[in-house]
**Student:** 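This is the structure, below, for whatever I ask next.
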Amino acid sequence: MAAAAAVRSSMGLTLRLSRAIPDCSSCPLNRLKSCGVNPQSRGSFESFRTMNRHLQTSIGLCHSEEGSSNAEDPEDVVNVVYIDRSGQRIPVKAKVGDNVLYLAHKHGIDLEGACEASLACSTCHVYVNAEHFDKLPDPAEREDDMLDMAPMLQENSRLGCQIILTPELDGIELTLPKITRNFYVDGHVPKPH
Amino acid sequence: MFIAMECIALPDLALRGRMKLKHGVRFSSCTPKVCIVGSGPAGFYTAQHLLKVNPTHQNVHVDIYERLPVPFGLVRFGVAPDHPEVKNVINTFTQTAKHSRCRFYGNVNVGKDVSVGELKQAYHAVVLSYGAEGNRSMGVPGEGLAGVYSAKDFVGWYNGHPSCRELNPDLNCETAVILGQGNVALDVARVLLSPIDILKKTDITQPALEALVRSQIRRVLIVGRRGPVQVACTIKELREMVNLPGTKSEMVEADFDGVTEALKDLPRPRKRLTELLLKTALDTPGDKEQQRRHQASRTWGFRFFRSPSEVLADADGNKTVGIRLAVTRLEGSGEGARAVLTGEVEDVTCGLVISSIGYKSHPIDPSVPFDTRRAVIPNTMGRVKQATGLYCSGWLKTGPTGVIATTMNNSFDTARSLVEDMESEALDLSSVKTGSEVISALLEERGVKSVSFSDWEKIDSVEMSRGEASGKTRTWSRRETILLL
């Protein structure tokens, strides 16, 4: 949602101003060791830590969202196609390092991110096309745990907030799961909460 | 230009929508006004979707009514204090609330301060998404004894719900028994056994934190009437228990007979969960784990095939000293397995009993159909049966289970039904509705003071600054304080 993206940018500014320490543990950039934030410089944040409040920041804040997908360098370009819930194909020109969830927001695609990339929900659930699914690094255990709660889980399901674009993902297609219209009609079993 | 008679009756032209000329067919439609009852995830996700659409070329206006003076429902009061990331969704809801076509009215009790019938007159459509504020009772003798609480109240107590402030549970016993094995049960177990160092960094209420510092509880049993393959919790919460510092698990090996064999047929989520459960219960620990267990001062465990039959009182008949559990066995297998009594019983000594066997919705207005057996509003895809202009979303629609993602889908689904009805004219948009104008006047007449979203933002910043002053994220306001602000 564009509105949510606006909140995130303004939140990002607030958090940067307040020097909040990012929670790197849920960020795929950290796992892939492709985080641009210098671990040394994080130490300088210590003295400005917001009182007793370990803010659960979204990974979009570590990753620079300014200087977005207006890729200058053609080698940096990653072509992505989102297929929305009505089946419409939406091609997007992204760049290496972009996060699939925030990229969707930037382009007004209806991919929800309730927990803001903290691996605490499954609302950014997407299906990845077969050709590119295997090119993604395996999900962390925490992502698998949250995927288990996603309605209409498939073999090629992933959480959008954990997909970071690399050059080999050029051409990736991400399909938003259709919202089932069959509550209780098809013998649906209530999910845990 | 021809103008529909209903619309011309009103003097204020600005209230009416634009006239549309479409393929030579003239039709009129007025600004759709929708009212949503309940400001938890269901209410907000339904609102979010409605604000996005443009049916009949008119933007929808949404008013959200909430019984409490503060918004967000279970996201504020139900999510465990050590799961703050789950509460991030409040940012999305805040954006929705501040949308120019959305209004929030807190401290309005629909069914008491204003009726659903009055809302239906004032709005084109009413969406009921007030969730499940009650809980299922065990229905056993002794349920009313001191020391027995519903998980809903216990959670409300440590989460700052205004009506649970005075719970003052007595934690001066060694063993607590929780009935039910869903995520709420695990949240309660985890809060009871978490190291204080962890809890004090969360936004758990101060009285709860102090009570837990003094707590004597060292052992928590989480009891279910069926078996390991039927536990209702999810893997994230189970992992948190398994990894909880300072604790070790104790399970009954015999409870897991046949479970390993059943694994291969299970769907992925259930399979992963069961594998973790088996590993926790049956694996021989390595040296490091042995040491960790040796040093653990607190224990927790699942007990399967047990159903509460009576809470046992002390000699004076006032306090809880134990619980009598009926032994069950399973008939059938998988999700559909049923627990059947065997006639045997087992008594467990304990001083705290928490029943976590499900939330429950209540009917709030006699004019709205209600299925008392399932405790939901009968509906088809969110359209309330045998009613027009009435919809429901969230737990009230499908029953009280489901995570944020499920509720989100559920609510978008209802919103889509509503929009379809606007476009197909199954919902009558031909007459102007004045929405909150009429309702606000009624409320004022009745002495009800509603709380706006900007009022809430003031409360929010006061709570947080008071919290900061005492080294916490926020303090939790009394209802009276909120209304004075």
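Below, chains carry the letters A, B, ... as their sequence lines are ordered, and counting in each starts from 1. All values below come from the heavy atoms of this structure, side chains included, with hydrogens, waters and symmetry mates left out. Just so it is clear, the model here is predicted, and its values are computed rather than measured.
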**Student:** For residues A:M146 and B:K236, report the shortest heavy-atom separation together with the two atoms involved.
**Tutor:** SD-CD, 3.5 Å

**Student:** Got a sec, which residues hit salt bridge (Lys or Arg N to Asp or Glu O under 4.0 Å) with B:D371, two or more places apart in sequence or on another chain?
**Tutor:** none

**Student:** Which heavy atom in A:C115 sits nearest to a heavy atom in B:N88, and how many Å separate them?
**Tutor:** O-ND2, 2.8 Å

**Student:** At a heavy-atom separation under 4.5 Å, does B:F93 approach chain A through its side chain, its backbone, both, or neither?
**Tutor:** neither

**Student:** Please name all residues satisfying side chain to side chain donor-acceptor pair (under 3.5 Å) with A:K135, sequence neighbours left out, ordered by chain then number.
**Tutor:** none

**Student:** Roughly how far apart are B:H83 NE2 and A:S118 OG, rounded to 0.5 Å?
**Tutor:** 12.0 Å

**Student:** Measuring from B:N409:CG to A:M152:CE, what's the distance to the nearest 0.5 Å?
**Tutor:** 8.5 Å

**Student:** Measuring only between side-chain heavy atoms, which start at C-beta, is B:T234 closer than 4.5 Å to A:D148?
**Tutor:** no

**Student:** Is there a side-chain contact between A:M149 and B:T406, using heavy atoms and a 4.5 Å cut-off?
**Tutor:** no

**Student:** Are any side-chain N or O atoms of B:R268 and backbone N or O atoms of A:L153, one a donor and one an acceptor, separated by less than 3.5 Å?
**Tutor:** no

**Student:** Measure the spacing between CG of A:D110 and CD of B:Q48 and express it to the nearest 0.5 Å.
**Tutor:** 8.0 Å

**Student:** For the CZ atom of B:R272 and the CG atom of A:D145, what is their distance to the nearest 0.5 Å?
**Tutor:** 4.5 Å

**Student:** Would you mind checking which part of B:R239 comes under 4.5 Å of any heavy atom in chain A, side chain (CB onward), backbone (N, CA, C, O), both or neither?
**Tutor:** side chain

**Student:** Measuring from A:E112:CD to B:F412:CZ, what's the distance to the nearest 0.5 Å?
**Tutor:** 4.5 Å

